[in-house]
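Note sheet for the following structure.
These numbers were taken from a predicted model, which means no experiment stands behind them. Below, read A as the first sequence line, B as the second, and so on, with proteins coming before strands; counting in each chain starts at 1.
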Number of protein chains: 2
Amino acid sequence: MNIGAAAEASGLPAKTIRYYEEIGLITPDRKANSYRDYSDDHMHKLRFIQRARSLGFSVEDCRQLLSLYEDKGRASADVKSVAQEHLTEIERKIAELSSMHDVLSHLVSACRGDNRPDCPIIDGLAK
Amino acid sequence: MNIGAAAEASGLPAKTIRYYEEIGLITPDRKANSYRDYSDDHMHKLRFIQRARSLGFSVEDCRQLLSLYEDKGRASADVKSVAQEHLTEIERKIAELSSMHDVLSHLVSACRGDNRPDCPIIDGLAK
DNA sequence: CTTGACCTTCCAGTTACTGGAAGTGAGAAA
DNA sequence: TTTCTCACTTCCAGTAACTGGAAGGTCAAG
């Protein structure tokens with residue numbers, strides 16, 4: 001399977017797949033013409049990575065998850081710990097964004113947004 | 001005011017303040033010894049930037065907000081439009097993170113996290 | 001006069017791609 | 001067979017917003 005088809009089937013851009021190879025995440029075979037060749041196994045991994053990335057796992061997390069995925073003797077506790085840490089980080093980010101949202105939405109709704117210069121948003125930033 | 005004191009007073013690391021100068025965001029005077037010298041006016045701007053950054057505005061947004069801050073004849077609509085766009089982006093990110101959170105928290109809570117290999121998290125990623 | 005804190009510039013690294021240039025291979029139409 | 005158009009290859013540069021560190025200058029205290 002050429003990289004174009006692999007991209008299509010995995011939902012990842014070809015550029016990204018090449019990048020993952022460059023950082024040693026997933027290394028396809030090569031055909032005689034030097035084209036990359038993705039097997040079913042590679043495709044499973046690519047899709048695995050795509051899903052993990054879409055859940056916000058870092059590429060390094062993906063590397064770790066991928067090795068746990070391949071390790072049939074893994075302890076689920078190891079997987080859970082990676083996921084739990086990421087979940088906590090997601091919660092931290094949501095809290096941070098929510099607090100930004102609260103402050104900013106107050107400022108925005110207090111601003112008339114007309115052609116006059118007085119502006120609660122600017123005032124709020126200047127304090 | 002030296003950069004160390006300016007950092008202290010603005011809540012921004014000295015490194016960051018130098019970086020802002022490098023990208024032309026805020027340019028302090030220089031003393032005879034080539035040390036940076038921050039005036040009260042500079043300090044107001046630094047604090048303004050610090051607050052805008054803490055609300056998640058990009059550095060380019062900060063550049064724009066800063067010029068609106070200085071423009072006493074601005075239209076508040078121009079400020080509001082920058083802020084509104086950012087607010088929408090914050091909402092988009094919160095929604096994205098929330099959806100990640102939903103999926104991941106389900107997987108995590110379904111995983112026993114013991115020393116056995118079967119793992120709903122891995123299964124969910126492998127699908 | 002030395003010590004230590006603070007300042008200077010410059011360069012490299014971070015994350016995860018993304019765009020583009022230059023060149024090669026494959027398959028189909030003329 | 002030539003040509004055309006893709007898809008593929010490698011390599012280099014750029015993105016955002018810093019951050020760390022090296023090598024060296026400045027200043028106040030003791």
Side-chain angles (χ1 to χ4, degrees), chain A residues 1-38 42 45-46 48-66 82 85-86 89-90 92-93 96-97 100, chain B residues 1-38 42 45-46 48-66 82 85-86 89-90 92-93 96-97 100:
Chain A
M1 198 178 214
N2 281 355
I3 197 169
E8 179 77 17
S10 66
L12 291 166
K15 275 271 186 187
T16 299
I17 298 177
R18 284 196 199 95
Y19 169 70
Y20 289 161
E21 179 179 350
E22 189 186 320
I23 62 170
L25 201 56
I26 181 166
T27 306
D29 301 330
R30 295 287 179 140
K31 295 192 208 151
N33 59 11
S34 85
Y35 282 20
R36 288 169 178 83
D37 189 14
Y38 294 89
H42 292 127
K45 288 184 195 166
L46 280 178
F48 182 94
I49 294 166
Q50 190 278 325
R51 286 198 199 92
R53 291 289 297 130
S54 78
L55 288 179
F57 284 101
S58 71
V59 169
E60 285 317 302
D61 282 345
C62 289
R63 193 189 298 276
Q64 207 178 337
L65 290 170
L66 209 49
V82 173
E85 215 163 303
H86 178 48
E89 180 63 12
I90 286 175
R92 198 195 56 69
K93 283 183 185 161
E96 188 181 357
L97 286 167
M100 289 176 183
Chain B
M1 200 177 211
N2 281 354
I3 197 169
E8 179 76 16
S10 66
L12 292 166
K15 274 272 185 187
T16 299
I17 298 176
R18 284 195 199 96
Y19 169 71
Y20 289 160
E21 179 179 350
E22 190 185 320
I23 63 171
L25 201 57
I26 180 166
T27 306
D29 302 328
R30 295 287 179 139
K31 296 191 209 154
N33 58 13
S34 86
Y35 282 20
R36 289 168 178 83
D37 190 13
Y38 294 88
H42 291 127
K45 289 186 196 163
L46 281 178
F48 183 95
I49 295 166
Q50 190 277 324
R51 286 198 199 91
R53 291 289 297 131
S54 78
L55 288 179
F57 284 102
S58 72
V59 168
E60 286 316 302
D61 282 346
C62 288
R63 195 189 297 277
Q64 206 178 338
L65 291 170
L66 210 49
V82 173
E85 215 163 303
H86 178 47
E89 178 63 13
I90 287 175
R92 198 196 56 71
K93 282 184 186 161
E96 188 182 356
L97 285 167
M100 289 176 184

Inset, instruction - State whether B/Arg30 places a side-chain N or O below 4.0 Å from either non-bridging phosphate oxygen (OP1 or OP2) of C/dC7. - result: no

Inset, instruction - Give a yes or no on whether a salt bridge exists between B/Glu96 and B/Lys93, defined as a side-chain N under 4.0 angstrom from a carboxylate O. - result: no

Legend entry - Shortest side-chain distance from A/Ile3, nucleotide among C/dA16, C/dT8, D/dC8: D/dC8

Legend entry - salt bridge (Lys or Arg N to Asp or Glu O under 4.0 Å) against B/Glu85, all qualifying residues, sequence neighbours excluded: none

Legend entry - Of the listed nucleotides C/dC17, C/dT8, D/dC18, the one nearest the side chain of B/Tyr35: C/dT8

Legend entry - Five-pair end axes of the helix from C/dC1-D/dG30 to C/dA30-D/dT1, angle between them (10°): 30°

Inset, instruction - Look at B/Arg36 and C/dC7 and indicate whether a side-chain polar atom (N or O) is within less than 4.0 Å of OP1 or OP2. - result: no

Inset, instruction - Using a cut-off of strictly less than 4.0 Å, decide whether A/Asn33 has a side-chain nitrogen or oxygen near OP1 or OP2 of C/dA26. - result: yes

Inset, instruction - Answer yes or no: is there an ion pair linking B/Arg92 with B/Glu89, defined by an N-O contact shorter than 4.0 Å? - result: yes

Legend entry - Main-chain N/O of B/Ala6 paired to B/Ser10 side chain as donor or acceptor, under 3.5 Å: yes

Inset, instruction - Give a yes or no on whether a salt bridge exists between A/Arg30 and A/Glu21, defined as a side-chain N under 4.0 angstrom from a carboxylate O. - result: yes

Inset, instruction - Scan residues 12-24 of chain A against DNA chain C and write down, sorted by residue number, each residue with any heavy atom closer than 4.0 Å; if none is found, say none. - result: A/Pro13, A/Lys15, A/Thr16, A/Tyr19, A/Tyr20

